[in-house]
Chemist: 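Here it is, the structure in full.
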Amino acid sequence: MRILGIETSCDETGIAIYDDQLGLLSHQLYSQVALHADYGGVVPELASRDHVRKTIPLIKEALAAANCSKEDIDGIAFTAGPGLVGALLVGACIGRSLAFAWNKPAVAVHHMEGHLLAPMLEEKRPEFPFLALLVSGGHTLMVQVDAIGEYNVLGESIDDAAGEAFDKTAKLLGLDYPGGPRLAKLAENGVAGRFIFPRPMTTKPGLDFSFSGLKTFAANTIHAQGNDVQTQADIALAFQDAVIDTLAIKCKRALKQTGLKRLVVAGGVSANKSLREQLAVLMQSLGGQVFYPRNEFCTDNGAMIAYAGLQRLKAGHFEGLAVQAKPRWPLEQLRSINDKS
Ligand code: KG4
Ligand code: ZN
């Protein structure tokens with residue numbers, strides 16, 4: 001079985017072809033970063049228009065790169081949510097229409113399920129059940145995963161997502177959008193211990209997160225200490241350490257609470273090197289294992305949507321003729337892969 005996957009939920013157009021037996025046959029990614037850089041963040045209307053320009057040419061390229069024609073494709077998966085509604089509508093309209101024209105099933109994929117399953121594209125794959133820490137630009141979620149579609153959200157951010165906090169703090173430090181990876185690079189020159197940022201919501205029980213206070217803490221530190229290059233690097237390091245420590249403390253707590261030994265970390269922030277180092281130490285100390293997507297599949301991509309879509313298609317989960325775009329879509333509303341009704 002072979003599927004075409006389409007991702008257009010935010011500022012990346014991602015297209016991929018995934019085969020049940022052969023794995024990933026091709027994937028194409030177009031990032032809109034340069035388009036939004038002047039505005040310091042994603043401009044939804046510009047994002048939608050750029051997806052309109054890029055989606056169909058990239059589908060053609062992905063088919064050519066996989067040496068496939070429409071006859072070789074058994075279904076079309078597209079990100080139906082959550083995300084920017086205009087951006088989602090582009091992928092959903094193209095995906096649903098193409099499926100109609102080619103007479104194939106259309107599969108509406110949840111973007112965070114895509115992130116959650118992205119490590120399945122790698123050789124080192126986790127078995128179920130596992131704990132998943134999803135850290136993207138829009139969401140921070142701690143999820144107990146018993147099977148595909150069997151998700152128990154144990155904790156989430158009550159304000160900014162982890163990636164969003166990275167981006168906002170980076171902006172305060174004068175870094176261009178998207179600031180997360182740039183802040184991480186700047187932190188490499190930081191002196192540890194000069195500034196200590198709080199570890200929000202770690203002293204009371206629970207698995208929710210709050211990151212917006214760290215951005216304010218950074219703003220106050222910049223105001224008090226000035227903004228020379230070394231101070232910027234020291235603040236970047238202190239901020240990053242605080243986010244990573246907080247995530248690690250919550251992972252440890254969730255692993256203890258659930259008794260799980262396998263941890264999946266996915267979403268854009270999971271590309272962060274220091275986060276990976278700290279979680280490797282944690283999982284070693286607990287006698288567990290940690291799983292990640294490769295770096296390019298941590299951030300948004302079509303491969304994770306094709307993979308998630310194929311699992312749904314195999315379970316007989318596909319859509320009617322309506323175009324589906326759900327800007328808000330709780331993960332826990334998804335059906336279990338074992339639900340064949
Ligand atoms: O998963 P993603 O591509 O988009 C959403 O679904 O939201 O995540 C993008 C986020 C951005 O906030 C970006 O700054 C952050 O991931 N990010 C990083 C790193 N690479 C990407 N944050 C910290 N360190 C990184 N190396
Ligand atoms: Zn994402």
Side-chain angles (χ1 to χ4, degrees), residues 5-14 16 29-33 36-37 40-42 44 47 51 78-84 87-88 91 109-119 132-141 156-157 159-173 175-188 190 209 211-212 214-215 218 236-237 239-247 264-279 292-305 307-308 327-329 331:
I6 304 173
E7 156 62 34
T8 66
S9 70
C10 189
D11 59 347
E12 255 111 21
T13 317
L29 187 76
Y30 176 79
S31 168
Q32 302 179 351
V33 160
H36 301 291
V42 178
H51 287 307
F78 57 88
T79 305
L84 303 170
L88 289 168
V109 174
H110 192 293
H111 182 79
M112 298 312 289
E113 178 168 80
H115 275 304
L116 197 151
L117 296 177
L133 172 69
L134 303 179
V135 273
S136 73
H139 297 85
T140 308
L141 294 168
E156 59 192 314
S157 179
D159 42 52
D160 292 352
E164 190 179 359
F166 262 95
D167 293 340
K168 286 179 174 171
T169 303
K171 202 170 183 178
L172 290 171
L173 292 168
L175 303 173
D176 285 342
Y177 176 83
R182 292 188 166 93
L183 187 150
K185 186 101 197 87
L186 182 63
E188 286 173 14
F209 305 90
F211 292 113
S212 71
L214 288 178
K215 168 194 68 194
L237 181 62
F239 166 83
Q240 178 174 271
D241 279 351
V243 174
I244 292 173
D245 246 9
T246 305
L247 294 173
V264 158
V265 190
V269 182
S270 69
N272 187 285
K273 218 168 122 233
S274 304
L275 174 69
R276 289 184 177 220
E277 283 165 7
Q278 190 158 333
L279 291 178
Y292 297 98
R294 73 193 79 165
N295 267 354
E296 63 176 322
F297 295 158
C298 287
T299 44
D300 292 348
N301 64 85
M304 66 185 196
I305 301 306
Y307 180 85
R328 289 183 192 281
W329 187 6
L331 194 60

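Excluded from the calculations below are hydrogen atoms, water molecules and symmetry mates; all remaining heavy atoms, backbone and side chain alike, are included. Counting starts at 1 for both ligands and their atoms, following the listed order. In this chain, residues are counted from 1 in sequence order.
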Chemist: Find all atoms of ligand 1 within a distance of less than 4.0 Å from any non-hydrogen atom belonging to H111, and give their numbers and elements.
Modeler: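 With H111 as reference, the close atoms of ligand 1 come out as 6 (O).
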Chemist: Out of all atoms in ligand 1, which are within 4.0 Å of some heavy atom of G138? Include the element for each.
Modeler: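 So the atoms of ligand 1 that pass are 7 (O).
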Chemist: Could you tell me which atoms of ligand 1, counted from 1 in the order shown, lie closer than 4.0 angstrom to a heavy atom of T299?
Modeler: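 Atoms satisfying the 4.0 Å criterion: 3 (O).
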Chemist: Is the side chain of R276 donor-acceptor paired with the backbone N or O of S270 at a distance under 3.5 Å, no angle test?
Modeler: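 Yes; at least one donor-acceptor contact below 3.5 Å.
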Chemist: Side chain, backbone, both or neither: which applies to H139 and ligand 1 if a contact is any heavy-atom pair less than 4.0 Å apart?
Modeler: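 For H139, there is no contact with ligand 1 at all, from either part.
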Chemist: Check for me whether H115 has a heavy atom closer than 4.0 Å to any atom of ligand 1.
Modeler: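 Distance cut 4.0 Å: H115 passes for ligand 1.
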Chemist: Checking H115 side chain against D300 main chain: does a donor-acceptor pair fall under 3.5 Å?
Modeler: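 Not confirmed, H115 side chain does not pair with D300 backbone.
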Chemist: Please check if any side-chain donor atom of Q278 sits under 3.5 Å from a side-chain acceptor atom of D241, or the reverse.
Modeler: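 Checked: Q278/D241 side chains show no N/O donor-acceptor pair below 3.5 Å.
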Chemist: Return yes if some donor-acceptor pair links the side-chain N/O of T79 with the main-chain N/O of G81 below 3.5 Å, else return no.
Modeler: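 Not a single qualifying donor-acceptor pair exists.
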Chemist: Would you check if the side chain of D159 reaches a backbone N or O of S212 as a donor-acceptor pair within less than 3.5 Å?
Modeler: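 Looks like yes, one N/O pair under 3.5 Å.
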Chemist: Report yes if some heavy atom in the side chain of K215 is under 4.5 Å from a heavy atom in the side chain of D160; otherwise report no.
Modeler: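 Yes - at least one pair of side-chain heavy atoms lies under 4.5 Å apart.
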Chemist: What protein heavy atom is closest to atom 2 (P) of ligand 1, reported as residue, atom name and distance in Å?
Modeler: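 The answer is D300 OD1, 3.5 Å.
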Chemist: My understanding is that only residues two or more places apart in sequence, or in another chain, count here; which of them pass side-chain hydrogen bond (donor to acceptor under 3.5 Å, both in side chains) with H36?
Modeler: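 side-chain hydrogen bond (donor to acceptor under 3.5 Å, both in side chains) list for H36, sorted by chain: Q32.
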Chemist: Could you tell me whether the side chain of T8 and the main chain of A87 form a donor-acceptor pair under 3.5 Å?
Modeler: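 Yes: the side chain of T8 pairs with the backbone of A87.
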Chemist: Under 4.0 Å, heavy atoms only, figure out whether ligand 1 is touched by the backbone of N272, its side chain, both or neither.
Modeler: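 For N272, backbone and side-chain atoms both sit under 4.0 Å from ligand 1.
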Chemist: Identify the closest protein heavy atom to atom 9 (C) of ligand 1: which residue and atom is it, and at what distance?
Modeler: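 Checking every protein heavy atom, the shortest distance to atom 9 (C) of ligand 1 gives G137 N, 3.8 Å.
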Chemist: Judged by atom type as modelled, is there a donor-acceptor pair below 3.5 Å linking the side chain of H110 to the main-chain atoms of W329?
Modeler: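 The answer is yes, because a donor-acceptor pair under 3.5 Å joins these two groups.
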Chemist: Closer than 4.0 Å to some heavy atom of G163 - which atoms of ligand 1 meet that?
Modeler: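 By the 4.0 Å cutoff, the relevant atoms are 12 (O).
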Chemist: Determine whether P119 and P293 make a side-chain contact, defined as any pair of heavy atoms from C-beta on separated by less than 4.5 Å.
Modeler: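 Yes, their side chains come closer than 4.5 Å.
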Chemist: So which protein N/O/S atoms does the Zn ion (ligand 2) have within less than 2.8 Å?
Modeler: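 Listed by chain and number: H111 NE2, H115 NE2, D300 OD1.
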Chemist: Please state which protein non-hydrogen atom is closest to atom 12 (O) of ligand 1 and give its distance, to 0.1 Å?
Modeler: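 Minimum-distance protein heavy atom for atom 12 (O) of ligand 1 reads D167 OD2, 2.7 Å.
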Chemist: Report yes if some N/O of P178 lies less than 3.5 Å from some N/O of ligand 1; otherwise report no.
Modeler: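 No; the residue has no nitrogen or oxygen that sits under 3.5 Å from a nitrogen or oxygen of the ligand.
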Chemist: Would you say the ring centers of F211 and F166 fall short of 6.0 Å from each other?
Modeler: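 Ring centroids of F211 and F166 are no less than 6.0 Å from each other.
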Chemist: Got an N/O contact under 3.5 Å between G180 and ligand 1?
Modeler: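 Such a contact does occur with ligand 1.
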Chemist: Does at least one non-hydrogen atom of C10 fall below 4.0 angstrom from an atom of ligand 1?
Modeler: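 Checking ligand 1 against C10, which is what was asked, there is no heavy-atom contact under 4.0 Å.
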Chemist: Going by heavy atoms in the side chains, are H111 and C10 under 4.5 Å from each other?
Modeler: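 In short, these two side chains do not touch, never coming nearer than 4.5 Å.
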Chemist: Would E12 and T299 count as a side-chain hydrogen bond (donor to acceptor under 3.5 Å, both in side chains) here? Give the steps.
Modeler: CA-CA 9 Å; E12 255 111 21; T299 44; 5.4 Å; no
Chemist: Got the closest protein heavy atom to atom 20 (N) of ligand 1, with its distance?
Modeler: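 Protein heavy atom at minimum distance: G268 O, 3.4 Å.
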